[in-house]
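The structure displayed is predicted, hence computed values, not measured ones.
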Amino acid sequence: MATIRGVKGLVGLVTGGASGLGRATAERLVRSGARVVIADLPNSPGEDVAKSLGADCKFSATDVTSVDDVTAAINTAKEAFGKLDVAVNCAGIGIAVKTYNFNKDRAHPLDEFQRVLMINTAGTFNVIRLAAGAMGQNEPNEDGERGVIVNTASVAAYDGQMGQAAYSASKGAIVGMTLPIARDLSSQGIRVCTVAPGLFDTPLLASLPEKVRAFLARTVPFPSRLGAPDEYAHIVLSIIQNPMMNGEVIRIDGALRMQP
């Protein structure tokens, strides 16, 4: 029987690592013995988060849509820790705008739709393509593996609500590109998976009134609560540790199927 792989000694890059799902992932990776570079916006608390995690964590100011910024974040991992084994894409944004507002006789602004796809989809792909180049330089392990990439989609990719056209499109694209990218990178022993979370207790939901949060929690069949960011991080570590996880999208949602 194969032994469970450890995370100790791996080097990871976590985008959106200053808060929410990304921060929980960075924290769990460091607790498990990995070294991590948090890549987040310059005005994020990423520097403070990295300092709180000690010498095994660094911060790199990063806009995921910038080639230069992502390249610099990867170089930070290589210069500080010698390599890059894992990339976790948690950076993203969301908006709530209907396709057409008939009360105001106004169409969904095209620039807002494009911005969501640029950050969520193109930003994720930008990190994937550049991280893959760094991972391809690694010496393969006994399975021939050189790296692992984990992306973040959403249950909205499957059952998006009204006003989520842009967000659902961006996350659906991440779902759709998971398998072909896994196939593209298979020759180099780089695995690619995506996690599709349901309703999680992130800064976005934290800004909502408590009554709204309680209502949302009740819509989750079981457990009837918001997901904890560390539960997302747990799935990420499971993907890293299980060599047969590849080309797959995993829902983590308490059996939630969102209604219109």
Side-chain angles (χ1 to χ4, degrees), residues 14-29 31 40 44-45 49 88-104 108-109 112-113 115-117 119-121 123-124 150-176 178 193-239 242 245 248-260:
V14 181
T15 72
S19 64
L21 304 180
R23 177 171 181 167
T25 299
E27 290 172 343
R28 187 175 264 262
L29 283 169
R31 288 201 310 270
D40 213 318
S44 75
V49 174
V88 185
N89 283 298
C90 293
I93 62 168
I95 59 173
V97 183
K98 286 188 176 181
T99 303
Y100 200 94
N101 186 325
F102 287 94
N103 291 327
K104 296 183 178 180
H108 190 310
E112 292 185 18
F113 187 92
R115 178 170 174 263
V116 173
L117 265 71
I119 294 172
N120 293 1
T121 307
T124 293
V150 182
N151 308 309
T152 306
S154 167
V155 295
Y158 303 99
D159 37 66
Q161 297 176 298
M162 288 187 290
Q164 286 192 318
Y167 185 71
S168 294
S170 71
K171 295 300 187 177
I174 293 172
V175 168
T178 300
C193 284
T194 293
V195 181
L199 295 172
F200 272 67
D201 193 6
T202 61
L204 179 64
L205 289 186
S207 65
L208 299 175
E210 185 54 39
K211 284 185 178 180
V212 176
R213 287 165 50 84
F215 169 77
L216 291 174
R218 290 196 300 271
T219 66
V220 182
F222 184 82
S224 292
R225 59 171 174 79
L226 300 178
D230 190 58
E231 291 170 319
Y232 168 92
H234 188 181
I235 288 290
V236 172
L237 258 70
S238 296
I239 292 169
N242 191 325
M245 289 298 303
E248 188 56 84
V249 181
I250 305 161
R251 289 181 68 131
I252 174 171
D253 57 22
L256 172 70
R257 298 298 181 269
M258 293 196 296
Q259 301 304 307

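For the atom pair CG (Leu226) and CG (Leu199), the distance works out to 6.5 Å, reported to the nearest 0.5 Å. The structure places CD of Gln161 at 11.0 Å from OH of Tyr167, a figure rounded to the nearest 0.5 Å. A distance of 11.0 Å separates NE2 in His234 from CD1 in Ile239, rounded to the nearest 0.5 Å.
No salt bridge links Asp230 with Arg23; every basic N to acidic carboxylate O contact stays at or beyond 4.0 Å. Between Asp159 and Arg251 there is a salt bridge, since at least one side-chain N of the basic residue sits less than 4.0 Å from a carboxylate O of the acidic one. Comment: Asp201 engages Arg213 in a salt bridge, judged by a side-chain N to carboxylate O separation of less than 4.0 angstrom. For the pair Glu231 and Arg28, the salt-bridge criterion is not met [side-chain N within less than 4.0 Å of a carboxylate O].
When all heavy atoms of Gly17 and Val49 are compared, the closest pair comes out as O-CG1, 4.2 Å. Nearest heavy atoms, Phe200 versus Ala228: CE2-O, 3.2 Å. Minimum heavy-atom separation, Tyr232 to Asn151: OH-O, 4.3 Å. For the pair Leu117 and Ala169, the tightest heavy-atom approach, listed with the atom from each and the gap, is CD1-CB, 4.2 Å. Closest non-hydrogen pair, Val220 versus Asp253, comes out as CG1-O, 3.6 Å. Contact between Tyr158 and Ala196 at its shortest, heavy atoms only, is CE1-CB, 4.3 Å.
Under the 3.5 Å distance criterion, the side-chain polar atoms of Ser44 are left unmatched by any main-chain donor or acceptor of Ala18. Using a distance-only test at 3.5 Å, with no hydrogens or angles considered, a donor-acceptor pair links the side chain of Thr152 to the main chain of Asn89. For Thr15 (side chain) and Cys90 (main-chain N/O), a donor-acceptor pair under 3.5 Å exists by modelled atom type. Although no hydrogens or angles enter the test, the distance criterion places a donor-acceptor pair under 3.5 Å between the side chain of Gln259 and the main chain of Arg257. Side chain of Asn120 to backbone of Ile93: a donor-acceptor contact under 3.5 angstrom is found. No donor-acceptor distance shorter than 3.5 angstrom exists from the side chain of Ser168 to the backbone of Ala165, with no hydrogens or angles considered. Between the side chain of Gln164 and the backbone N or O of Ala156, no donor-acceptor pair lies under 3.5 Å.
By the 4.5 Å heavy-atom criterion applied to side chains, Lys98 and Met162 are counted as neighbours. Within the 4.5 Å cutoff, the side chain of Ile250 has heavy atoms near those of the Met245 side chain. With contacts defined as side-chain heavy-atom distances shorter than 4.5 Å, the pair Pro197/Leu21 qualifies. Using a 4.5 Å cut-off on side-chain heavy atoms (C-beta onward), Met258 and Val155 make contact. Counting heavy atoms from C-beta on, the side chains of Leu29 and Val14 come closer than 4.5 Å.
Counted within 6.0 Å of CZ on Phe215, heavy atoms from surrounding residues, nucleotides or ligands total 12 or fewer; the atom is thus considered open. Other residues, nucleotides and ligands place more than 12 heavy atoms under 6.0 Å from the CZ atom of Arg225.
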